[in-house]
Structures are given as structure tokens and as C-alpha cells.
Colleague: 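Take a look at this one; I'll ask things after.
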Amino acid sequence: MTMLRRGLLAWISRVVLLLLFLCCAVSVLYMLACTPKGDEEQMALPRANSPTGKAGYQAILQEQEEQHRSYISSLKKQIAQLKDELQERSEQLKNAQYRSSDSGAHPEKTQANLLEFLHSQVDKAEVHAGVKLATEYAAVPFDSFTLQKVYQLEMGLTRHPEEKPVRKDKRDELVEAIELALETLNRPEESNPNHRPYAASDFIEGIYRTEKDKGTLYELTFKGDQKHEFKRLVLFRPFGPIMKVKNEKLNMANTLINVIVPLAKRVDKFRQFMQNFREMCIQQDGRVHLTVVYFGKEQMSEVKGILENTSKAANFRNYTFIQLSGEFSRGKGLDVGARVWKGSNVLLFFCDVDIYFTSEFLNTCRLNTQPGKKVFYPVLFSQYNPGIIYGHHDSVPPLEQQLVIKKETGFWRDFGFGMTCQYRSDFINIGGFDLDIKGWGGEDVHLYRKYLHSNLIVVRTPVRGLFHLWHEKQCVDELTPEQYKMCMQSKAMNEASHGQLGMLVFRHEIEAHLRKQKQKTSSQKT
């Protein structure tokens, strides 16, 4: 330890001597540059009445002034370089002192030093040099952005190739990167003293990408000091080591789920729903209560009959049937179903009659909710029109075989917020649904936004055990223009994938091509 300190002190003394020598050299250069010219040099200047006259004096004085400015600029750059070197050496000295003192007390801390780990993340990532990739699919693409827009490759069905960053974390992330770049550019050692400070308006464009096991790389481009000049800053946000935050044991044996279904007519869909409910909720899970909120009297007896027959056949008594008058309102039905519960705090699952779920989803619903803490908004998989997917109604397989998560069979319904799990206490405290919204759509988004504005954690993730079954949508004239637009957009997205719809649009051209090929084949045979 004593030898280490002696070596460290010797190294410090050498650094100080080097810096003193450099400062003295700079001072000598400055004195030489600023010393007035001697008599011989002044005598070399032409006289006022000489053939060159005043113009000659002015030209020579201007030339000398430019030389002085060049000397001064050069000296300033050398001083800035010396400051950088001094700062770098100081940082090295601090790190060396930290390591020496740390290794003396706790040798194991040196290996686990967080700063070294973060620097190693930069070295591992594709920042300084490229890496060899097996195929083009292995490359991690960049997204680009300006002050106003983000241009992204991975869009989904609701995101656009060009859009404003709406998500707060993404917006804050990009703003922080630009602000850090501006702070770096405006440091005294970086900026030209004759140049105005850099501002956000000087930012031209940035690109960024995230390697999920290393961090996020940013390359930011700003306007330079001269035309066609630019400033580029490369920033890296390394991911730190994994930290254990919580280790908890969860017991869901006594967690009851109250499945609330608002309904009007649609007897066939309700019969299909009860088949799924009987298998998943009654036979497999056994910790579920069903609340059906029915609007009107038309077909009500058939719905009650299906419910009662299931109750008798499966010996199931945990259900409530509520009949409401007036036109159908999904928000009102769910609100009434949630408030009518008289027992202790219960986990609510707001569900539609055209939803299919597995028993595994019920556990996912329980695990992602916590009263006063978390609500769960799963992204369900929405089924395309089976008649289009499988070509003909006669070739459509049974429902269980249709529920496959593939690009050709459906899509993640990331624009829907109707199916949700939350505790009754949280629903009551947040104020429930907006009962002024009538008919189709809007009430679920309103409730979702209220949770986003609260202190509760909103868990939003795709779920493999929750499906929206295809059915033909009817967008009635009574809807408001905004609701009608939402309904028609949903209808368009429900039919088939882009490729399948394209095949339908161009089916006449495809059929004509097949006919030509058959004619060509038959003519060749003859």
C-alpha cells in the first residue's frame, strides 16, 4: 500500500511539472506574438510620400493585424487543449485515487464498479465499430426524429410512419438527448467565442436505436459555424446492471373475478360465450362470478334461459342477471354491473359477448392487478373474418382451431381499451364510466385516460389467452360523426390482413392471369 502511494505521488508530481512547462511555453509564445515590431521592421514600412502611399500602409497593417488574429486564435485553441488535457488528467487522478482507496478497503468493489460496467456497455454496443451479422434481419434499424416528429419503421396498425411522440417517456427521452447535446456544444472549451450559443433551432435531425441488452444510441446533427458545416454528437444511454427490486409471494386462491357482460339481443353470440364460460370459468377455474346486464326486453327470455340451463347443468349459482330499460349503453351497463356488487372488494373483468378467453388469462388478470396500485389493460388478439381467411365458409375449421396468433389470422387490437381488469374500489374511486356517452365506443377510452391521469400503474401488454371473435359490424346512423368514424375504422381493420385484402381487390386480374395460363398450356398440348 505504501509503495502504491509513493508511485501515485511521483506520478502526480510529473503531471504537475508537465503542466507548468506547457503553461510557460504558451506564455513565451504569447509574448513573442504580442511584442511590437522593432525599428528595423518599422523602417521597412513605406513612407507616406513613397510610391505606395497610404494604400500600402493600410495593406501592410491589415496583413499584420490578420497575422496577430491568427496567432491569438491559435493560442486560444492551445489553451483550450491544455484545459481539456488538464481536466482529463484530473479525472484520471480521481479515478486512480478512488480505485486505490477502494481496493485497500474492499478489493471486490473494483470488479463490480458501475462506471466500468457502463463503459463496457458502450464497447459492446455497435457505437465505435460495426459488427458482423448473419443476415439482413439481424440488423437493428434506426428511427429518425426532428424537434417535431418521429419517423418510425415499426408501426403496428395504429401508429403512423410519421407522428409526434405522444408517449411521455419517448418524448422526454428525445428532449433529454437534445438538451444534453446543446449543453455540450455550449461549453466554453467546445464553442467558438465569436459564435452565438447553440439553440434548439440549430438541431437538424437525429437518429436513434435501442439494443435491448446494451442501451440506446443517439446520433444528433446540428448546424455548424459556416454554411455546409455541421456538428454531430454521438450519445449513448447504457443500460445498467439488473437490480432486484422486489421478491414477493402471491396467492390467488381466494381472488374472485366478477365478469361483467353488457348485452342487448345477440342470443347466438351469448350462447357461444356461455360455452366458453362454462369450460374455462366453471370447470377449470372455479373462482368466477358472472354479471349479465341486459338492455330491453326483446330476446331477454332466451338469454335468461341459456343462463339458467348452464346454471343447472354445471351446478353454478354465482351469477347475477340485471335488466335495464332504454337503449343499449355499454358504459352504463358495466357501471351498473360494478356498483350492484354488495360483497367485499372484488376484481372486475369488463368483457363483451364476442370475447373468448382461456383459464390462463384469468390468472393473468389476477396477477396484473392490485387494489390501490395497478389496473390491467390487456391488448387482445382480434380475429379476422374466417370466411376470407379460409377462402370459403365450408372450409372454416372449428373455433378452437381458428384461435391461432399469426399475421394471417388476426392482429393485436392495440386501439381497443374495452376489456380490462381492475378492482371495484379503484373503479369507484376513479369515478366510473362517463354515462353521458351513448351507443358504441368512447366510454372505454375515457376511463382509460382517467387511470392514466391517476397515481395507479396501468399495465398494458399483449395477452395470448384473450381473443376478439370476428363478427360483422353495424355502424348505425344514430352515432355521432366521431363515433361513426371510429366504428367504420374498426370495421375496416377487422376483415383481413393487408395482403389478403389486396388479393381480393386484384382477384379479377389474378383470375384473368390463370385463364391465360390455362389457354397457353392447352394450346401447347394440341
Colleague: What I'd like to find out is whether the side chain of Leu447 reaches to under 4.5 Å of the side chain of Ile430, using heavy atoms alone.
Modeller: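 A side-chain contact exists here, since the closest heavy-atom pair is under 4.5 Å.
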
Colleague: Do NZ/NE/NH1/NH2 and the carboxylate oxygens of Glu163 and Lys149 come within less than 4.0 Å?
Modeller: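 The answer is no: the pair does not qualify as a salt bridge.
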
Colleague: Using the side-chain contact (heavy atoms from CB on, under 4.5 Å) definition, which of the options Asp335, Leu263, Leu324 pairs with Val293?
Modeller: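 Looking at Asp335, Leu263, Leu324, the match for Val293 under the side-chain contact (heavy atoms from CB on, under 4.5 Å) is Leu324.
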
Colleague: Return the minimal non-hydrogen interatomic distance between Arg424 and Ala338, and the atom names on each side.
Modeller: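 What the structure gives for the nearest pair is NE-O, 2.7 Å.
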
Colleague: Scan side-chain atoms only and decide if Asp143 and Gln152 contain a donor-acceptor pair under the 3.5 Å cut-off.
Modeller: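 No, no side-chain donor-acceptor pair sits under 3.5 Å.
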
Colleague: Going by atom types only, do Thr255 and Arg287 share a side-chain donor-acceptor pair under 3.5 Å?
Modeller: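 No, because no side-chain N or O of Thr255 sits under 3.5 Å from a partner of the opposite role on Arg287.
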
Colleague: Answer yes or no: does atom NZ of Lys407 have more than 12 heavy-atom neighbours from other residues, nucleotides or ligands under 6.0 Å?
Modeller: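 Result for NZ/Lys407: open.
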
Colleague: With a sphere of 6.0 Å drawn around CZ of Arg167, does it hold more than 12 non-hydrogen atoms of other residues, nucleotides or ligands?
Modeller: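 Incorrect, the count does not exceed 12.
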
Colleague: For Phe349 together with Phe361, are the ring centres under 6.0 Å from each other?
Modeller: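 Yes, the ring of Phe361 comes within the 6.0 Å limit of the ring of Phe349, centre to centre.
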
Colleague: Could you report the tightest heavy-atom contact between Ile388 and Ala496, atom names first, then the distance?
Modeller: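 Closest pair (atom of Ile388, atom of Ala496, distance): CG2-CB, 3.8 Å.
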
Colleague: For Arg339, is the CZ atom crowded, meaning more than 12 foreign heavy atoms sit under 6.0 Å from it?
Modeller: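 Above 12, so yes.
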
Colleague: So Met274 and Leu290, do their side chains get closer than 4.5 Å, heavy atoms only?
Modeller: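 In contact.
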
Colleague: Are His471 and Asp354 close enough that a side-chain donor and a side-chain acceptor fall under 3.5 Å?
Modeller: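 Yes, because at least one side-chain N or O of His471 sits under 3.5 Å from a partner of the opposite role on Asp354.
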
Colleague: Identify the two heavy atoms, one from Asp352 and one from Val261, that lie closest to each other, and give their separation to 0.1 Å.
Modeller: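 It is C-CG1, 4.3 Å.
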
Colleague: Checking side-chain contact (heavy atoms from CB on, under 4.5 Å) against Pro378, which of Thr461, Thr364, Val459, Val463 comes through?
Modeller: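 The residue from Thr461, Thr364, Val459, Val463 that satisfies side-chain contact (heavy atoms from CB on, under 4.5 Å) with Pro378 turns out to be Val463.
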
Colleague: Is it the case that atom CE in Met252 sees more than 12 heavy atoms from other parts of the structure closer than 6.0 Å?
Modeller: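 Result for CE/Met252: enclosed.
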
Colleague: Using only atom types and a distance under 3.5 Å, with no angle test, would you say the side chain of Asp202 pairs donor to acceptor with the backbone of Tyr198?
Modeller: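 Pair absent, no side-chain N/O of Asp202 close to backbone of Tyr198.
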
Colleague: For a 4.5 angstrom cut-off between non-hydrogen side-chain atoms, does Thr320 reach Val292?
Modeller: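 No, side chains not in contact.
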
Colleague: Does some side-chain heavy atom of Phe381 sit less than 4.5 Å from a side-chain heavy atom of Leu403?
Modeller: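 No; the side chains remain at least 4.5 Å from each other.
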
Colleague: Would you confirm whether the ring centroid of Tyr218 sits within less than 6.0 angstrom of the ring centroid of Phe236?
Modeller: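 No; Tyr218 has its ring centre 6.0 Å or more from that of Phe236.
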
Colleague: Tell me whether Trp412 contacts the main-chain N or O of Phe415 through its side chain, where contact means a donor paired with an acceptor under 3.5 Å.
Modeller: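 Not a single qualifying donor-acceptor pair exists.
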
Colleague: Let me confirm one number: the CG-CG distance from Asn494 to Leu469, rounded to the nearest 0.5 Å.
Modeller: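 If we round to the nearest 0.5 Å, Asn494:CG and Leu469:CG are 11.0 Å apart.
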
Colleague: Determine, step by step, whether Val267 and Val303 satisfy the side-chain contact (heavy atoms from CB on, under 4.5 Å) criterion, reporting the C-alpha distance in whole Å, the side-chain angles of both residues, the deciding distance to 0.1 Å, and the verdict.
Modeller: CA-CA 6 Å; Val267 175; Val303 170; 4.2 Å; yes

Colleague: Report the C-alpha separation of Thr216 and Arg209 in whole Å, then their side-chain angles, then the decisive distance to 0.1 Å, and conclude whether the side chain to side chain donor-acceptor pair (under 3.5 Å) test is met.
Modeller: CA-CA 6 Å; Thr216 303; Arg209 70 175 181 184; over 6 Å; no

Colleague: Side chains of Asp285 and Ser359: is there a donor and an acceptor less than 3.5 Å apart?
Modeller: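 No donor-acceptor contact under 3.5 Å links the two side chains.
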
Colleague: So Leu233 and Thr184, do their side chains get closer than 4.5 Å, heavy atoms only?
Modeller: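 The answer is yes; the side chains approach within 4.5 Å.
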
Colleague: Could you check whether atom CG of Asp213 has more than 12 heavy atoms from other residues, nucleotides or ligands sitting under 6.0 Å from it?
Modeller: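 Yes, the 6.0 Å shell around CG holds more than 12 heavy atoms from other groups.
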
Colleague: When you measure from the side chain of Glu495 to the backbone of Asn385, do you find a donor-acceptor pair of N or O atoms at a distance under 3.5 Å?
Modeller: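 Between the backbone of Asn385 and the side chain of Glu495 there is no qualifying donor-acceptor contact (under 3.5 Å).
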
Colleague: May I ask you to check whether Glu482 and Thr480 show a side-chain donor-acceptor distance below 3.5 Å?
Modeller: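 Not at all, the side chains of Glu482 and Thr480 share no donor-acceptor pair under 3.5 Å.
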
Colleague: Give the intermediate values and the outcome of side-chain contact (heavy atoms from CB on, under 4.5 Å) for residues His468 and Gln383.
Modeller: CA-CA 6 Å; His468 179 270; Gln383 182 189 35; over 6 Å; no

Colleague: Show the nearest heavy-atom pair for residues Cys351 and Phe357, with the distance to one decimal.
Modeller: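 Reported closest heavy-atom pair: SG-CE2, 4.2 Å.
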
Colleague: State, to 0.1 Å, how close Leu380 and Leu466 come at their nearest heavy-atom pair, and which atoms those are.
Modeller: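 So the minimum-distance heavy-atom pair works out to CB-O, 3.4 Å.
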
Colleague: Tell me yes or no: between the side chains of Tyr451 and Gln422, is some donor less than 3.5 Å from an acceptor?
Modeller: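 Yes, a side-chain donor-acceptor pair sits under 3.5 Å.
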
Colleague: Nearest 0.5 Å, what's the CE-SG distance between Met486 and Cys475?
Modeller: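 With rounding to 0.5 Å, CE (Met486) is 10.5 Å from SG (Cys475).
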
Colleague: In this structure, is the centre-to-centre distance between the rings of Phe350 and Phe417 below 6.0 Å?
Modeller: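 No - the distance between ring centres of Phe417 and Phe350 does not fall below the 6.0 Å cut-off.
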
Colleague: Could you tell me whether Arg271 and Glu302 make a salt bridge, using a distance below 4.0 angstrom between a side-chain N and a carboxylate O?
Modeller: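 Looking at Glu302 together with Arg271, the answer is no, because their closest N to O distance does not fall below 4.0 Å.
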
Colleague: Could you tell me whether a side-chain N or O of Thr369 sits under 3.5 Å from a main-chain N or O of Cys365, the two making a donor and an acceptor?
Modeller: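 Side chain of Thr369 to backbone of Cys365: a pair is present.
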
Colleague: Between the main-chain N or O of Phe273 and the side-chain N or O of Asn276, is there a donor-acceptor pair closer than 3.5 Å?
Modeller: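 The answer is no, because no donor-acceptor pair under 3.5 Å joins these two groups.
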
Colleague: Is any side-chain heavy atom of Asn258 closer than 4.5 Å to one of Leu347?
Modeller: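 A side-chain contact under 4.5 Å is absent here.
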
Colleague: Quick one: does any side-chain atom of Thr210 pair with a main-chain N or O of Lys212 as donor and acceptor, under 3.5 Å?
Modeller: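 No.
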
Colleague: Counting C-beta onward and ignoring hydrogens, is there a side-chain heavy-atom pair between Val150 and Arg171 closer than 4.5 Å?
Modeller: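 They are not in contact (no side-chain heavy atoms under 4.5 Å apart), so the answer is no.
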
Colleague: Step through it carefully: locate the ring centre of Tyr151, locate the ring centre of Phe145, and say whether they are under 6.0 Å apart.
Modeller: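 No: the rings miss the under 6.0 Å criterion.
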
Colleague: Take a 6.0 Å sphere around NE2 of His513 and say whether it holds more than 12 heavy atoms from other residues, nucleotides or ligands.
Modeller: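 It does not: His513 NE2 has 12 such atoms or fewer within range.
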
Colleague: Between Phe295 and Gln323, is the side-chain contact (heavy atoms from CB on, under 4.5 Å) condition met? List the steps.
Modeller: CA-CA 6 Å; Phe295 287 82; Gln323 194 267 328; over 6 Å; no

Colleague: Is the distance between the ring centroids of Phe433 and Phe427 less than 6.0 Å?
Modeller: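 Aromatic pair counts; centres sit under 6.0 Å.
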
Colleague: Do Tyr448 and Leu452 touch side chain to side chain, with heavy atoms closer than 4.5 Å?
Modeller: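 Of all side-chain heavy-atom pairs linking Leu452 with Tyr448, at least one is under 4.5 Å.
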
Colleague: Enter the distance from Gln370:CD to Asp426:CG here, rounded to the nearest 0.5 Å.
Modeller: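 Here the rounded value is 9.5 Å.
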
Colleague: Return yes if a side-chain donor-acceptor contact under 3.5 Å exists between Arg413 and Ser382, otherwise no.
Modeller: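 Judged by distance alone, the side chains do pair up.
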
Colleague: For a quick test of reading the model, state the closest non-hydrogen atom pair linking Val140 to Glu211 and the distance between them.
Modeller: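 Nearest heavy atoms, Val140 then Glu211: CG2-CG, 4.4 Å.
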
Colleague: Are the aromatic ring centres of Phe376 and Tyr423 under 6.0 angstrom apart?
Modeller: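 Centroid separation for Phe376 and Tyr423: 6.0 Å or greater.
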
Colleague: Within the side chain of Ser395, is there an N or O that forms a donor-acceptor pair under 3.5 Å with the backbone of Tyr390?
Modeller: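 Side chain of Ser395 to backbone of Tyr390, a donor-acceptor pair under 3.5 Å: yes, one is there.
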
Colleague: When rounded to the nearest 0.5 angstrom, what is the spacing between SG in Cys421 and CD1 in Ile257?
Modeller: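 Going from the SG atom of Cys421 to the CD1 atom of Ile257 covers 6.0 Å.
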
Colleague: When you check the side-chain N and O atoms of Arg460 and Asn368, is any donor under 3.5 Å from an acceptor?
Modeller: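 Asn368 and Arg460 do not have a side-chain donor-acceptor pair below 3.5 Å.
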
Colleague: How about NZ on Lys265, more than 12 heavy atoms from neighbouring residues, nucleotides or ligands closer than 6.0 Å, or not?
Modeller: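 12 or below, so no.
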
Colleague: Assess, by modelled atom type and distance only, whether the side chains of Gln402 and Tyr384 contain a donor and an acceptor separated by less than 3.5 Å.
Modeller: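 On atom types as modelled, these side chains do not qualify, holding no pair under 3.5 Å.
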
Colleague: So that I know where these two stand, are Phe277 and Phe316 an aromatic pair - ring centroids less than 6.0 Å apart?
Modeller: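 They qualify: ring centres under 6.0 Å apart.
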
Colleague: Just wondering, more than 12 heavy atoms not from Arg449 lying within 6.0 Å of its CZ?
Modeller: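 For Arg449, atom CZ is not crowded (no more than 12 foreign heavy atoms under 6.0 Å).
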
Colleague: For Ile306 and Phe270: C-alpha separation, side-chain torsions, deciding distance, then whether side-chain contact (heavy atoms from CB on, under 4.5 Å) applies.
Modeller: CA-CA 8 Å; Ile306 295 171; Phe270 184 71; 3.9 Å; yes

